[in-house]
> 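Following this message is one structure expressed as structure tokens.
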Amino acid sequence: MTAIVEEILAGDKRATGNADMMLQNAEWAAATFARFDRKRVEAIARATADVAYAHAGALAEAAVKETGFGVTAHKKIKNELTSRGLFELYAKEDYCSARIKSELKMVELPRPAGIVFALTPSTNPVCSVYYKVLMALFTRNAIILSPHPMAKECSTRAAKLMAAAAEEAGAPIGIIQVIEQPNLPLIDYVMKSPRVSVILATGGTPMVRSAYSSGNPAIGVGPGNAPVLVDDSADVIEAAKRIVTSKAFDNSILCTNESVVLAVESIADRLLQALKSAGAYVAKPEEVVALRDLLFGKGSFNIAVLGKSAVEIGALIGLRLPAQTQIILAEIDRIGIDEPLSKEKLCPVLGFLRVPHAQAGITQARALIRLSGAGHSAAIHSKHAPTILKYGAAVKALRVVVNAPCSLGAAGYGTHLAPAFTIGTGFFGSSAIGENVGPQHLINWTRIAYNDDPKEAFGDFSGLDANAGGPALALGLEAPISLGRLQEGAEAAQDPLPLPHASHGTVDEVAILREEIRRMVLEELRGALRS
């Protein structure tokens, strides 16, 4: 009996046995998909994005119903941006074709990662599934998704819809898979699997750290805590509108949302009034005390208020706020570990601190990011270029949004940053990547480099196809290593597969994959029955 079947039949290890089957299927799918040309990949990505877009509203509603976090209309916007919007952005890029650089005497060949293991959060469940799946498809990778247990139903539904659309458009079976019943031991098992090529981790700090310690390459995102400086050159009314819009978006569930306003004293009162007009409720001193206790009274952020509306949060401290209230403003007098309201708050409660001048605001912004959010995001509302430049150079944030809402602006919507829901925090935030994560991070390039001596002629590679010939082996079935007259793995060699042909006469690699999976399943069942 094979190891996989033994795992499946051992009751307490059934889940890991199923995970092994998923990984095996993903290996074969990835090997086949890596040979698709750009035209086929684009058609698959387009079909998948269209289906995702068509279900953006229904899945937004399902996410709010399941998790209790956020605003359905705002989640629908995020789902639309990460489906058709993301497709339209990256459809212009080519992650499939060789790049011939005659002037450098070099050929660059795209090499997909293989299997992407994607962890998705409860706060932004569906849009994270959309975003990670499309990035994997554009780069010809297989993807296995592990949704947060609090959002597993809506996330699984999204993944299955996309998988069906991709396969209908010609993608290999198993190119998109989802763990429907995630749990920590199972996630840990898959994260540490040598079959996994890269982990895309979006979620809480413990989970991201676990991904980094798995032994596999990982791309993770740390916590945010974005300061927003408003100086005396800013358009105060516009700044207030943008800040409220940003902080209220999806009930402040994005880690790129503003945490504390740093208002230069000369415009602070005008800004407060403008924030009120834009939909902010300014809490009284005794209400600030109550908010502090509600949000952080148990030592850490109270997840009971995560993604709740300003009206709901107000009710929890005895406030009956008007239905149109967008955010609650809590004025504080310092930044530091002894002021919890200067920490990250994934709810529409916004700190407000007066500073004597812009330089003091920059100093306080640096202090805020020292608490948490290193490498993440910051915002400034100003028309004074020297201040903007000094702010950007001083704060330890790798995205500084100017005169725009930070929530979506730092995520690449409303600015020209790359659209992303995994925000690289760079060396400041203990991450290898310091930009918004995109398809380019799921692919490497083999560089064929000629001797630079002018006497050595560069070859003619035009019209050549690196993938011409028979089908590639899956990742786990590379050619055996030669050991004298023996070959490691030779005893496991199988008869060559028949080569089914498509109607136009070319090798049908998807049919080959189906046949191999069918044969594997039959062999596993025969072994189980014999035992």
> Quick one: do N124 and I253 satisfy side-chain contact (heavy atoms from CB on, under 4.5 Å)? Show the steps, please.
CA-CA 8 Å; N124 299 291; I253 209 79; 3.4 Å; yes
> To the nearest 0.5 Å, what is the distance between CE on M162 and CG on L145?
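Those atoms lie 9.0 Å apart.
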> Does K75 pair with E61 as a salt bridge, N-O distance under 4.0 Å?
no
> Quick one: do L329 and Y281 satisfy side-chain contact (heavy atoms from CB on, under 4.5 Å)? Show the steps, please.
CA-CA 6 Å; L329 208 66; Y281 172 79; over 6 Å; no
> Taking atom CD1 of I219 and atom OG1 of T422, what is their separation to the nearest 0.5 Å?
8.5 Å
> Could you tell me whether E339 and R292 have a side-chain N and a carboxylate O separated by less than 4.0 Å?
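Result for this pair is yes, salt bridge flagged.
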> Within the side chain of R366, is there an N or O that forms a donor-acceptor pair under 3.5 Å with the backbone of A394?
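Yes; judged by distance alone, with no hydrogens or angles, the pair exists.
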> Any salt bridge linking E80 with K76? Criterion: basic side-chain nitrogen under 4.0 Å from a carboxylate oxygen.
yes
> Compare all side-chain heavy atoms of Y131 with those of L86 and state whether any distance is below 4.5 angstrom.
yes
> Looking at Y391 and I380, would you say the former's side chain and the latter's main chain have a donor-acceptor pair under 3.5 Å?
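No, because the side chain of Y391 does not come within donor-acceptor range (under 3.5 Å) of the backbone of I380.
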> Report yes if some heavy atom in the side chain of K276 is under 4.5 Å from a heavy atom in the side chain of L272; otherwise report no.
no
> Taking all atoms of both residues into account, what is the closest heavy-atom pair of E344 and P223, and its distance?
OE1-CB, 3.6 Å
> I'd like to know if the side chain of S431 and the backbone of F427 have a donor-acceptor N/O pair within less than 3.5 Å.
no
> Measure from the side-chain N and O atoms of N216 to the backbone N and O of S193, and report whether any donor-acceptor pair falls under 3.5 Å.
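Yes.
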> Report yes or no: does N436 contribute a side-chain atom to a donor-acceptor pair with the main-chain N or O of A418 at less than 3.5 Å?
yes
> Quick one: do the Q181 and K152 side chains pair a donor with an acceptor below 3.5 Å?
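Short answer, yes.
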> Flag the pair S146 / F117 as yes when at least one side-chain heavy-atom distance between them is below 4.5 Å, and no otherwise.
yes
> Are V244 and L350 close enough that some pair of their side-chain heavy atoms sits under 4.5 Å apart?
no
> Nearest 0.5 Å, please: how far is NE2 in H384 from CD1 in I388?
9.0 Å
> Any donor-acceptor pair under 3.5 Å linking the side-chain atoms of H441 with those of E435?
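Yes, side-chain donor-acceptor contact under 3.5 Å.
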> Other residues, nucleotides and ligands only: do more than 12 of their heavy atoms fall within 6.0 Å of CG on L294?
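Atom CG in L294 is crowded, with more than 12 foreign heavy atoms closer than 6.0 Å.
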> Are the side chains of V349 and I327 in touch, meaning some heavy atoms are under 4.5 Å apart?
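Result no, sub-4.5 Å side-chain heavy-atom pair not found.
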> Tell me whether N257 contacts the main-chain N or O of S252 through its side chain, where contact means a donor paired with an acceptor under 3.5 Å.
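Yes, because the side chain of N257 sits within donor-acceptor range (under 3.5 Å) of the backbone of S252.
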> Could you tell me if the side chain of Y413 sits less than 4.5 Å from the side chain of I77, heavy atoms only?
no
> Nearest 0.5 angstrom please: L417 CG to I423 CD1, how far?
8.5 Å
> Please name the pair of heavy atoms, one in L262 and one in P227, separated by the smallest distance, quoted to 0.1 Å.
CD1-CB, 4.0 Å
> Check whether the side chains of T256 and S377 place a donor and an acceptor atom closer than 3.5 Å, and report yes or no.
no
> Kindly give the heavy-atom pair with the smallest separation between T67 and A151, and that separation in Å.
CG2-CB, 3.8 Å
> If you define the side chain from C-beta out and look only at heavy atoms, does anything of I313 sit under 4.5 Å from C347?
yes
> Between E88 and R84 (salt bridge meaning N to carboxylate O under 4.0 Å), is one present in this structure?
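Here E88 does not pair with R84 in a salt bridge, since their nearest N and O are not under 4.0 Å apart.
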> Would you call Y53 and T82 a side-chain contact if the rule is heavy atoms closer than 4.5 Å?
no
> For a side-chain hydrogen bond (donor to acceptor under 3.5 Å, both in side chains) check, start with the C-alpha distance between S233 and S382, then their side-chain angles and the critical distance, and finish with the verdict.
CA-CA 5 Å; S233 72; S382 172; 3.1 Å; yes
> Between R354 and E331, is there a salt bridge with N-O shorter than 4.0 Å?
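Salt bridge present between E331 and R354.
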> Has R242 got a side-chain atom pairing as donor or acceptor with N403's backbone, closer than 3.5 angstrom?
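Yes; judged by distance alone, with no hydrogens or angles, the pair exists.
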> Is a side-chain donor-acceptor pair under 3.5 Å present for Y189 with D20?
yes
> Within a radius of less than 6.0 Å around CZ of R334, do more than 12 heavy atoms belonging to other residues, nucleotides or ligands occur?
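Check passes, neighbour count above 12.
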> Decide side-chain contact (heavy atoms from CB on, under 4.5 Å) for I335 and L368; before the verdict, give the C-alpha distance in whole Å, the side-chain angles of both, and the deciding distance to 0.1 Å.
CA-CA 6 Å; I335 301 293; L368 193 77; 3.7 Å; yes
> With a 3.5 Å distance limit and no angle check, can you tell me whether N79 reaches the backbone of H55 through a side-chain donor-acceptor pair?
no
> Dump the intermediate steps for side-chain contact (heavy atoms from CB on, under 4.5 Å) on E93 and Q440, then the final yes or no.
CA-CA 10 Å; E93 306 296 331; Q440 71 273 19; over 6 Å; no
> Considering all heavy atoms of both residues, which atom of I143 and which atom of A136 are nearest to each other, and what is their separation?
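Shortest heavy-atom contact: CB-CB, 3.9 Å.
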> Output the distance between atom CG (L371) and atom OG (S342), rounded to the nearest 0.5 Å.
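Spacing of CG (L371) from OG (S342) equals 5.0 Å.
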> With a sphere of 6.0 Å drawn around CG of N444, does it hold more than 12 non-hydrogen atoms of other residues, nucleotides or ligands?
no
> Look at the side chain of N225 and the backbone N and O of S259, then say whether any donor-acceptor pair between them is shorter than 3.5 Å.
no
> Fit a plane to each ring of F138 and F87, take the angle between them on a 0 to 90° scale, and name the class: parallel (under 30°), tilted (30 to 60°) or perpendicular (over 60°).
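Answer is parallel, since the angle falls under 30°.
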> What are the two closest heavy atoms between P147 and V178, and how far apart are they?
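So the two residues come closest at CD-CG2, 3.9 Å.
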> If the test is side chain to side chain contact (heavy atoms under 4.5 Å, CB included), which one of P121, S122, P125, S155 qualifies with M150?
S122
> Donor-acceptor pair, K308 side chain versus G70 backbone, under 3.5 Å?
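No, K308 side chain to G70 backbone: no donor-acceptor pair under 3.5 Å.
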> Heavy atoms only: give me the nearest C406-S246 pair and the separation to one decimal.
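Answer, listing the atom of C406 first, then S246: N-OG, 3.2 Å.
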> Could you state the interatomic distance from CD1 (I443) to CE (M135), rounded to the nearest 0.5 Å?
12.5 Å
> Show your working on salt bridge (Lys or Arg N to Asp or Glu O under 4.0 Å) between R46 and D50 and close with a plain yes or no.
CA-CA 6 Å; R46 182 187 299 276; D50 284 347; 5.7 Å; no
